[in-house]
Every structure is written in C-alpha cells, then in structure tokens.
> 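Handing you a structure now.
We're numbering straight along the sequence, starting at 1.
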Amino acid sequence: MSDFELDGRLARDSDLVTVLGLCQLRILKDSRWPWLMLVPQRNGMVEIFDLTPLDQALLAFETNTVATALKEATGATKVNVGALGNIVRQLHVHVIARFEGDPNWPGPVWGFGQAVPYDESQKQNFLKKLIEAL
C-alpha cells in the first residue's frame, strides 16, 4: 500500500526483507537470535482484532508461513511468536527462532543485553536460507 507508514522505531530497529500479501517481512538488527517481524501494511492498527476478518486470516497465514520457514531455515528448538506492542503501538508480530543455550535461554529476548549487529555476509546467508524456505 503506497500510503502505508511504518513506525520510525520499527524502521530503525529492522530491515525490510520482502513484502508478503498483507505484511512487510522485516529482520531485526540483532544477530543474537534469528528474529523476524511481520508488520501488516494497514495504518492505525494496534491490535490483531482491529484488522478486518480477512486481514486477520491473512496475518495468521503469513505468520504461520514465516514461522515454518524460520524453523526450517534455522533448525530452531522453538519458534516464539508474539504481538506485544507495549512500547511501539503499531501492530507488528515478532517471530523469533530460539535454541537451547542461546543468549538468555529460556528467558525472553526483550530487554536482555545489547543488540549485536549482523555481519553482512552472515545476514545475507540467513536471509538466503529463509527465502528458500518460504
């Protein structure tokens, strides 16, 4: 959607991977975890239930598709999916690959330590595997 505006904090903390049917698929700028984010391209949405029923179904489909691809691309022990939005109100869904022994396992990723930027080749390698799995 040409009039869609991404929250500045989401733009600052992530990079666009691709655009799916409803959502922007973005990668978080933190290499400690394979961490993706889906952002429905609908302005003014805060909660999943704010979306139309059709958009809710598309979001569920895209979330499941991305989560499945993430697990396949990484071999993750667990894939965490969450729509929190306590700080950034714009509706967005986190999809995070977790591994036993990763930083802060089994605790949450939010608020733990400092982000570690990707090495560009590491990032491109991961995204290539992800896109192939999609």
> Connecting only ILVMFWY residues whose side-chain heavy atoms lie within less than 4.5 Å of each other, what is the rest of Val19's hydrophobic cluster?
Leu16
> Glu62 side chain to Leu22 main-chain N or O, any donor-acceptor pair under 3.5 Å?
yes
> Is the side chain of Asn64 donor-acceptor paired with the backbone N or O of Ala60 at a distance under 3.5 Å, no angle test?
yes
> For Lys71, does the NZ atom have more than 12 heavy-atom neighbours from other residues, nucleotides or ligands under 6.0 Å away?
yes
> For residues 52-89, which residue pairs pass the ring pair (Phe, Tyr, Trp, His ring centres under 6.0 Å) check, not counting sequence neighbours?
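Passing the test, one end in residues 52-89: no pairs.
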> Mind listing the closest non-hydrogen atom pair of Pro117 and Ser31 along with its distance?
O-OG, 3.5 Å
> Stepwise, does the side chain to side chain contact (heavy atoms under 4.5 Å, CB included) test hold for Leu25 with Leu38?
CA-CA 5 Å; Leu25 175 59; Leu38 291 163; 3.9 Å; yes
> Between Asp15 (side chain only) and Leu28 (backbone N and O only), is there a donor and an acceptor less than 3.5 Å apart?
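No.
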> Say whether Leu10 and Met45 are linked into one hydrophobic cluster, either directly or through other cluster members, by side-chain heavy-atom distances under 4.5 angstrom.
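Different clusters: Leu10 never reaches Met45 through Ile, Leu, Val, Met, Phe, Trp or Tyr contacts under 4.5 Å.
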> If two hydrophobic side chains count as joined below 4.5 Å and joins carry through other members, does Leu6 share a cluster with Leu58?
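Looking at the clustering, Leu58 is in a separate group from Leu6.
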> Decide yes or no on side chain to side chain contact (heavy atoms under 4.5 Å, CB included) for Arg42 and Asp55, but give the supporting numbers first.
CA-CA 9 Å; Arg42 301 289 188 264; Asp55 282 351; 2.7 Å; yes
> Quick check: closest heavy atoms across Ala97 and Asp102, and the distance to 0.1 Å?
O-OD2, 4.4 Å
> Same hydrophobic cluster for Ile27 and Val95, using side-chain heavy-atom links shorter than 4.5 Å among ILVMFWY?
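Cluster IDs for Ile27 and Val95 match.
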> Only pairs at least two apart or in different chains count here, so list each ring pair (Phe, Tyr, Trp, His ring centres under 6.0 Å) that has a residue in residues 95-119.
Trp35-Trp110, His94-Trp110
> Does Val79 share a hydrophobic cluster with Leu59, counting links as ILVMFWY side-chain heavy atoms below 4.5 Å and allowing steps through other members?
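They do share one cluster, since a chain of ILVMFWY contacts under 4.5 Å joins Val79 to Leu59.
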> Does Glu5, at its CD atom, have more than 12 non-hydrogen atoms belonging to other residues, nucleotides or ligands within less than 6.0 Å?
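Count not over threshold, so no.
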